[in-house]
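Read the structure below first, then the notes.
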Amino acid sequence: MTRSAVFGGGGPARALRLCVIPGFCAMAVLLLQDRMEGLDPAAVHRAVLDVTPVTWVVSLACVAAGFWAVGAQEIVMHRHFATQAPVRQARHAGMIAAAIGQTLGFGPAIGTLIRWRRVPGLGGLQAARLSVGMSIGFLVVLGFVSALATLAVPTAPGQAAAAGALAVCALLVGLCAIPPHRLARHIRLPSLICLCSFTGWAIAEMLALAAALWVFLPPDTGPGFLAMLPAVLLALGAGWMTGAPGGVGAFEVTLLALLPAVGDAALIGAILAFRLTAFVLPAGIAGIVLLCRPARAQPATCGPALPAQPPRAEAGLVRQGVLTLERRGSAPGWMLGRLPHSCVALGDPGPAVGPDARVRALAALSATAQAEGRLPCLYKTGARMALAARQAGWVVRRVAAEAWLCPAQFSPAGPARAGLRRKLRRAGQAGVSVTAVTGPCPLAEMARVAACWAKAHGGERGFSMGRWCPHYVAGQRVFLARHEGRVIAFVTLHDGPDEWTLDLLRSLPDCPDGTMYALLTAAIDAARAAGIPRLSLAAVRRAPRRRRTGHPPDGGLARFKAAFAPRWEPLYLCAPSWWALGLTGADIARAVLRPAPLASAPPPAHGAPNGIAPAAAAWHRFSEGLPAGRAAPLRQEL
């Protein structure tokens, strides 16, 4: 229900709190002294006694609906902070904290203690975050709804201030919809799913509170519900700002000032009856539950172990700190990316899974996204997984195509690779030499090539695409191209026991024609010598116009890969609905085109073929951006 503000601190802060709260109430009483002097206590007593039993029942039903909305807000806040707390216990803790905190005052402090006591495995810091988040969220939504209600009433005062409040709320929504990278690194902004859910439940709580008070007003002189709503919302805000228990004083004088048409005795009687149903009775029930049924503290359990083998070689992208390898129960492991509004599963959950495993993996993804207040999404997933998603009612759209080949069967001969042979001849005639890195990499020269490439291409892409970083490249297969003794280009590949995947393609603008073709051909030869059965040339975007089956999409990168005559497999984007598909697609596009600053991990010991693994700088430690409890297993796994 309503939350009390806490002006914490000592010294001047405490003195300010002790002076402001009674000072505000005293000033309000002085302003309305004329109306308070003529108040008849007997008339107030009769107004309370005249309330019919049906009215009491209706008010209690409205209060119960409001507390249910509080529990729903609590669940949304737990999802936002990814506490993984049990839903039932989180709901009950939020309702108990609201009932006791609004009555005694100091809601965030009391709410922190109650949540810490009632929710197993919830730490003190998490409980404080939840309490502060609930208070701030309620205050923002209260300001938004109050502004809307004020603008809806033509004769209501303060419409200019209401318009300004709406502008501030619109700015906050914009920051949540498109969070700036610097702001998102320091403040955990809610996703649009959490924001809309919390706003909807908070509005439902306010409407229930207003209805619980409105039914006590006399039907002959009382205003209509919509006309009374702005006054109730402003009174709730005034009570919240004072921090007094139940907002006593500020709530009453605000209603007396904003509802002059209602008799003083009738209005005060309605407020007293409202306080009995919305404050006293819920606080008593919550206190009994808190004392008689304390929650048993349970230690937090660790999540299931990561798969012993990553699903594909492309799982090396995890070392950039944007994606994580996860596994839930018996479902295959996903490579997940947590974006502001989406929980994106990149690729397929495993190299070869059956229909039942795909259904379990899809259910696990949906459960993970729901627990975190995000939308589930499959990105660059194969045809079988896309079919399972479509059978589950998801919307499926083809967005890319993956090129792959078998190194053992690859040969530049044949009419399909005539263009490749021509490019290789040009590179040879220009004196380009290609070598596989087996020792320390020339990091300075490679960094120069990567910087020139990024400048020529408008910067590097992120999320599902690798970016240049010395520690990241050190854990990959690296092939260099030299011309006249200097490095002019290089390619890197993720390596696994059964697959290599092309990652970085970097070259100088003036490198000889055919250089990149020679580099990739050398990588294919090395994969054949290592006995690798599959080499993926990675994905390219789908062309806007339809092409014949088996043909690659249009584009320079696609034409480059098509020269090797690979096999093409369609890749899909899947989401539960069309609007979810649009929102998750925009989320992914922003993560790819405007990636956050890179935080890459040191290379794994088993995957550093070139032997360069310098100590990681602080900004390379990707574990700082991962959820709690996942950094150590990922470091051990990768």
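Keep in mind that what you see is a predicted model, and the values were worked out from it rather than measured.
Side-chain contact between Pro282 and Phe67: present, with at least one pair of heavy atoms (C-beta onward) separated by less than 4.5 Å. By the 4.5 Å heavy-atom criterion applied to side chains, Ile203 and Val141 are counted as neighbours. Under the 4.5 Å side-chain criterion, counting only non-hydrogen atoms from C-beta, Leu290 is in contact with Arg117. Taking 4.5 Å as the limit, every side-chain heavy atom of Val344 sits out of range of all side-chain heavy atoms of Thr584. Using a 4.5 Å heavy-atom cutoff, the side chains of Gln102 and Phe279 are in contact. Looking at Pro376 and Pro576, their side chains come closer than 4.5 Å, going by heavy atoms from C-beta outward.
Note that the CZ atom of Phe225 and the CG atom of Leu207 stand 5.0 Å from one another [nearest 0.5 Å]. Atoms CG and CZ, on Leu255 and Phe274 in that order, are 9.0 Å from each other to the nearest 0.5 Å. Residue Arg374 holds its CZ atom at 11.0 Å from CD1 of Ile193, rounded to the nearest 0.5 Å. Atom-to-atom distance recorded for Leu113:CG and Ser131:OG is 8.5 Å, nearest 0.5 angstrom. Here OH of Tyr379 is found 12.0 Å from SG of Cys574. Values are rounded to the nearest 0.5 Å. The structure places CG of Leu60 at 6.0 Å from CG of Leu281, a figure rounded to the nearest 0.5 Å.
Using modelled atom types, no side-chain atom of Gln73 and backbone atom of Ser197 make a donor-acceptor pair closer than 3.5 Å. With hydrogens and angles ignored, the 3.5 Å screen pairs no side-chain donor or acceptor of Ser342 with any backbone N or O of Leu339. Counting only distance, with no hydrogens or angles, the side chain of His341 and the backbone of Leu192 share a donor-acceptor pair below 3.5 Å. With hydrogens and angles ignored, the 3.5 Å screen pairs a side-chain donor or acceptor of Ser191 with a backbone N or O of Gly373.
Applying the side-chain hydrogen bond (donor to acceptor under 3.5 Å, both in side chains) test to every pair with at least one member in residues 56-72, sequence neighbours left out, gives these pairs: Ser59-Thr277. Applying the salt bridge (charged side-chain N to carboxylate O under 4.0 Å, His left out) rule to pairs touching residues 90-116 yields Glu74-Arg115, sequence neighbours excluded. Residue pairs that meet the salt bridge (charged side-chain N to carboxylate O under 4.0 Å, His left out) test with at least one member in residues 228-237, sequence neighbours left out, do not exist here.
When the side-chain contact (heavy atoms from CB on, under 4.5 Å) test is applied to Arg79, the partners found at least two apart in sequence or on another chain are Ile75, Gln370. Remark: His80 pairs with no residue by the side chain to side chain donor-acceptor pair (under 3.5 Å) rule, at least two apart or across chains. With sequence neighbours left out, Ala345 forms a side-chain contact (heavy atoms from CB on, under 4.5 Å) with Trp334, Leu336, Leu365, Leu378. Applying the side chain to side chain donor-acceptor pair (under 3.5 Å) criterion to Thr381, with sequence neighbours excluded, gives Asp348. Applying the side chain to side chain donor-acceptor pair (under 3.5 Å) test to Arg275 and every residue at least two apart in sequence or in another chain returns Glu252. Thr83 is linked by a side chain to side chain donor-acceptor pair (under 3.5 Å) to His78, counting only residues two or more places apart in sequence or in another chain. With sequence neighbours excluded, the residues satisfying side-chain contact (heavy atoms from CB on, under 4.5 Å) with Thr55 are Val51, Thr52, Val215, Phe216. Trp116 is linked by a side-chain contact (heavy atoms from CB on, under 4.5 Å) to Ala127, counting only residues two or more places apart in sequence or in another chain.
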**Request:** Go through Leu130 and Leu122 one step at a time and tell me if the side chain to side chain contact (heavy atoms under 4.5 Å, CB included) criterion holds.
**Result:** CA-CA 10 Å; Leu130 288 168; Leu122 191 67; 3.8 Å; yes
**Request:** May I have the step-by-step check of side chain to side chain contact (heavy atoms under 4.5 Å, CB included) for Ile588 and Leu573, ending in yes or no?
**Result:** CA-CA 10 Å; Ile588 294 171; Leu573 175 68; 4.0 Å; yes
**Asked** When you look at Met77 and Phe198, which way does the side chain to side chain contact (heavy atoms under 4.5 Å, CB included) test go after all the steps?
**Response** CA-CA 8 Å; Met77 197 60 65; Phe198 188 91; 3.5 Å; yes
**Request:** Starting from the C-alpha separation in whole Å, work towards a yes-or-no answer on side chain to side chain contact (heavy atoms under 4.5 Å, CB included) for Thr199 and Val140.
**Result:** CA-CA 9 Å; Thr199 302; Val140 172; over 6 Å; no
